[in-house]
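In what follows, a single structure is set out as structure tokens and then discussed.
Given the structure is predicted, the values throughout are model-derived calculations rather than measurements. All values below were derived from every heavy atom in this structure, side-chain atoms included, with hydrogens, water molecules and symmetry-related copies excluded.
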Amino acid sequence: MCGIIGCVNDEAVAPILLQGLKRVEYRGYDSAGVATVSESVIRVTKAAGRIDDIERKYGLSTLTGTTGIAHTRWATHGGVTDRRERVAIVHNGIIENYLELKKQLRAKGHIFKSETDSEVIAHLIEAEYRQAKDPVKATILAAKKLKGQYAFAALFQDAPELITGARKDAPLLIGVGDTKNFIASDVLAFIEHTDRTIFLDNQEVVKVTNRSVEIFDMNGRPVRRKPTQVAWELADLSKMDYAHYTLKEIHEQPKTVVSAMMQNEEKLAEFVEKIRGARSVFVTAAGTSYHAGLLLKYRLERDAAIRCEVTLAGEFREHSEFVDGGSVVIALSQSGETADLLEAIREAKKKGAKILSLVNAAGSTLARESDLTLLLNCGPEVGVAATKSFTAQVVVANLIVDNLVGSGNGGGEEVARMVEEALSSEPTVKEIARMYRERSDFYFIGRGYHYPVALEGALKMKELSYIHAEGMAASELKHGTLALIEEGTPVVVINPRGETHADTLSNAEELKARGARVIGISDEPSEVYTHFIKIPRAKESLTPVLEAIPLQLMAYWTAVEKRNDPDYPRNLAKSVTVK
Ligand code: AGP
């Protein structure tokens, strides 16, 4: 779960690598390293910590050379940016058979400097290169020996004009420039320089120079592929006047819910027809996307009378008994690179199911491996905590069900106005975040359609504030969790008017009776609430979008109060590309 980038340029490459690293730092920020080759010497600078600190301390951007590779890392095994005398590599993924390969290489006299699985790749390529004398051949031969997941780029001491790379089950793409070309895990790494992108397929190898890009399959046969233009622009990547990407992305939602509604009519109709024609429907996703999946299930079953199994992506295999050729599996993902989810859809495909997906990253593996994809259109999401992508997923899910039942979905302007109104709760939410920032536990409850939103509220609070938070169905309180409630315990009650309002309010009274501080999120105030966060009155299918806004703001401002970095929460990464 790392970010890798490589570039072959006409001029000094290190400043460009550093810039690109910063753009993909959300993929992992435990440590970073840069390697360049010049005058037949590979130079490496690497260190633990955030890129800006490493740059200040070691001057990553001062490395000489016009060809280089770099890496920002989320720790799985050992150190970063492994090298041998003649080869350096950066790697994203996990090599499952690295111990076995290490043993074989040691027997041939190789000496290892680190505990990383990645270092094995550098040794393998160097060993093959000594025989093959050809960087591409050496890369192919080495890649063929690797088991697990990988996307790597390799630098050669005596071939400074090129970089090679290979991928299997981890994203790797090429940025095609005029006087420089890139290899990277993510389009954001080079979007500053070019939007012409080639997405490598699984088990492909690439050779990049400053004027050419050549792709090969694992038998060394050339593969022809045209670059595609990615829709994201540099402007999308600025924080504007916001202190953090997360806050900017929360405030972008009046716009992004409208762009999410702008779907290609034909594609949407085809998507709907596939669901209507399916013998069985499954939904799968991870994290925040799973919460949006739960909301889709609710509406499919309750409004469209279509039975639907929703399963966590990482548990899909255990629940795929009934997936077959008559099934449709709907996969939801912001990044489209979540390893558990890719494994789930490949499992489903093996059983003959059709894969429909809701994705934000257009060229991602999930989008390319799906039979049909609807894009979230919410622009790049840099903050590790999913915010605008969640509300976009809910809006697109609503579009699908509204089309299934033939009901209109109301104008974007009205939705944007209501999201703007929900954002106006910020001063109240900020004050609540300040008041409860020292608490060690936070609970979020809701019933029916609001239960998945309670799960989402808890996830946001956990990942941004590092406070233990639990989201649960309000009906479950009396079956155990009520024992944890004591004087001062903050409980967020998600409770707009509707079918479940009265029952949830009585749960809130039970909580208050035991000393809880009840934070009510609703379109209707109540004396039961210690604190009231007002959201606009809306039709039920839209309420999760409006409820999510104050929940995102609460987690964000609690993180700020606690001096956490909301954009790069500890131990996490934006795209979970390892299982
Ligand atoms: C949510 O804030 C987290 N970043 C995480 O749970 C995320 O939703 C999950 O990893 C799924 O990611 P995806 O939507 O890119 O597949």
Side-chain angles (χ1 to χ4, degrees), residues 1-4 24 26-28 74 76 91-96 117 143 146-152 165-173 184-188 197-204 218 228 271 281-293 296 309-320 323 327-376 381 384 386 389 393 572-579:
M1 206 152 61
C2 310
I4 66 172
V24 294
Y26 68 152
R27 299 178 66 92
W74 185 88
T76 48
H91 165 230
N92 171 26
I94 290 185
I95 306 300
E96 287 159 7
D117 56 339
L146 302 173
K147 291 205 180 80
Q149 285 172 307
Y150 58 80
F152 67 77
R167 73 158 294 218
K168 178 178 167 294
D169 295 344
L172 195 63
L173 24 94
S185 331
D186 190 315
V187 70
L188 299 189
T197 304
I198 298 176
F199 296 91
L200 289 186
D201 277 345
N202 249 356
Q203 309 268 10
E204 284 185 343
M218 277 300 175
T228 53
F271 205 103
V281 177
F282 297 80
V283 169
T284 189
T288 289
S289 298
Y290 171 73
H291 300 149
L296 174 57
E309 293 294 324
V310 62
T311 311
L312 285 165
E315 296 294 316
F316 185 81
R317 186 182 296 179
E318 282 66 33
H319 299 278
S320 61
V323 174
S327 307
V328 151
V329 173
I330 306 172
L332 296 88
S333 178
Q334 187 288 125
S335 63
E337 300 294 352
T338 298
D340 287 333
L341 189 60
L342 295 176
E343 187 173 274
I345 61 141
R346 289 171 187 153
E347 178 76 18
K349 266 184 153 174
K350 262 191 278 167
K351 295 187 172 203
K354 280 268 172 292
I355 309 300
L356 308 183
S357 58
L358 278 64
V359 182
N360 194 33
S364 62
T365 306
L366 176 62
R368 285 181 291 120
E369 295 190 10
S370 299
D371 297 288
L372 193 56
T373 295
L374 295 177
L375 296 175
L376 300 181
E381 188 174 65
V384 168
S389 63
Q393 285 166 335
L572 298 180
K574 181 69 183 168
S575 171
V576 184
T577 56
V578 291
K579 284 193 290 182

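Looking at residues two or more places apart in sequence or on another chain, you find a side chain to side chain contact (heavy atoms under 4.5 Å, CB included) between Ala285 and Ser289, Tyr290, Leu332. Residues forming a side-chain hydrogen bond (donor to acceptor under 3.5 Å, both in side chains) with Gln149 (at least two apart in sequence, or on another chain): none. In this structure, the side-chain hydrogen bond (donor to acceptor under 3.5 Å, both in side chains) partners of Thr373, at least two apart in sequence or on a different chain, are Ser357. For Ala170, the side chain to side chain contact (heavy atoms under 4.5 Å, CB included) test picks out Asn92, Ala151, with sequence neighbours left out.
Contacts classified as salt bridge (charged side-chain N to carboxylate O under 4.0 Å, His left out) and involving residues 361-374 (residues at least two apart or in different chains) are given here: Asp201-Arg368, Arg346-Glu369. Screening residues 328-344 for salt bridge (charged side-chain N to carboxylate O under 4.0 Å, His left out) gives Arg317-Glu343, Glu343-Lys579 as the qualifying pairs, with residues at least two apart or on separate chains.
One finds the SG atom of Cys2 at 8.0 Å from the NE2 atom of His91 (value rounded to the nearest 0.5 Å). Note that NZ of Lys168 is 14.0 Å distant from CD of Glu204, once rounded to the nearest 0.5 Å. With rounding to the nearest 0.5 Å, the separation of CG in Leu356 from CD1 in Ile345 is 11.0 Å. Here CD of Glu318 is found 11.0 Å from CG of Leu312. Values are rounded to the nearest 0.5 Å. Residue Phe271 holds its CZ atom at 6.0 Å from CG of Leu372, rounded to the nearest 0.5 Å. Here His319 contributes atom NE2 and Phe282 contributes atom CZ; the two are 11.5 Å apart, rounded to the nearest 0.5 Å.
Scanning all heavy atoms of the two residues, the minimum distance from Tyr26 to Val384 falls at O-CG2, 3.9 Å. Counting all heavy atoms, side chain and backbone alike, Leu341 lies closest to Leu366 at CD2-CD2, 3.8 Å. The two residues Val24 and Gly3 have their closest heavy-atom pair at CG2-CA, 4.1 Å. The two residues Val359 and Ser364 come nearest to each other via the heavy atoms CG1-OG, 3.4 Å. Residues Val323 and Phe316 approach most closely at CG2-CZ, 3.9 Å, considering heavy atoms. Of all heavy-atom pairs spanning Ala386 and Glu381, the tightest one is CA-OE1, 3.4 Å.
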### Task
Start with the C-alpha distance between Ile4 and Leu172, add both sets of side-chain angles, then the distance that settles side chain to side chain contact (heavy atoms under 4.5 Å, CB included), and finish with yes or no.
CA-CA 9 Å; Ile4 66 172; Leu172 195 63; 3.9 Å; yes
### Task
Assess whether side chain to side chain contact (heavy atoms under 4.5 Å, CB included) is satisfied between Ser320 and Lys351, documenting all intermediate values.
CA-CA 9 Å; Ser320 61; Lys351 295 187 172 203; 3.3 Å; yes
### Message
Go through it in stages, so that I can follow the logic: the residues are Asn202 and Arg167, the test is side chain to side chain contact (heavy atoms under 4.5 Å, CB included), and I'd like the CA-CA distance, side-chain angles, deciding distance and then a yes or no.
### Response
CA-CA 6 Å; Asn202 249 356; Arg167 73 158 294 218; 3.3 Å; yes
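Using a 4.5 Å heavy-atom cutoff, the side chains of Arg27 and Ser185 are in contact. Between Asp169 and Leu342, every side-chain heavy-atom pair lies at or beyond the 4.5 Å cut-off.
Of the possible donor and acceptor atoms, one in the side chain of Thr228 sits under 3.5 Å from a partner among the backbone N and O of Thr197. With hydrogens and angles disregarded, no donor-acceptor distance shorter than 3.5 Å links the side chain of Gln334 to the backbone of Ser389.
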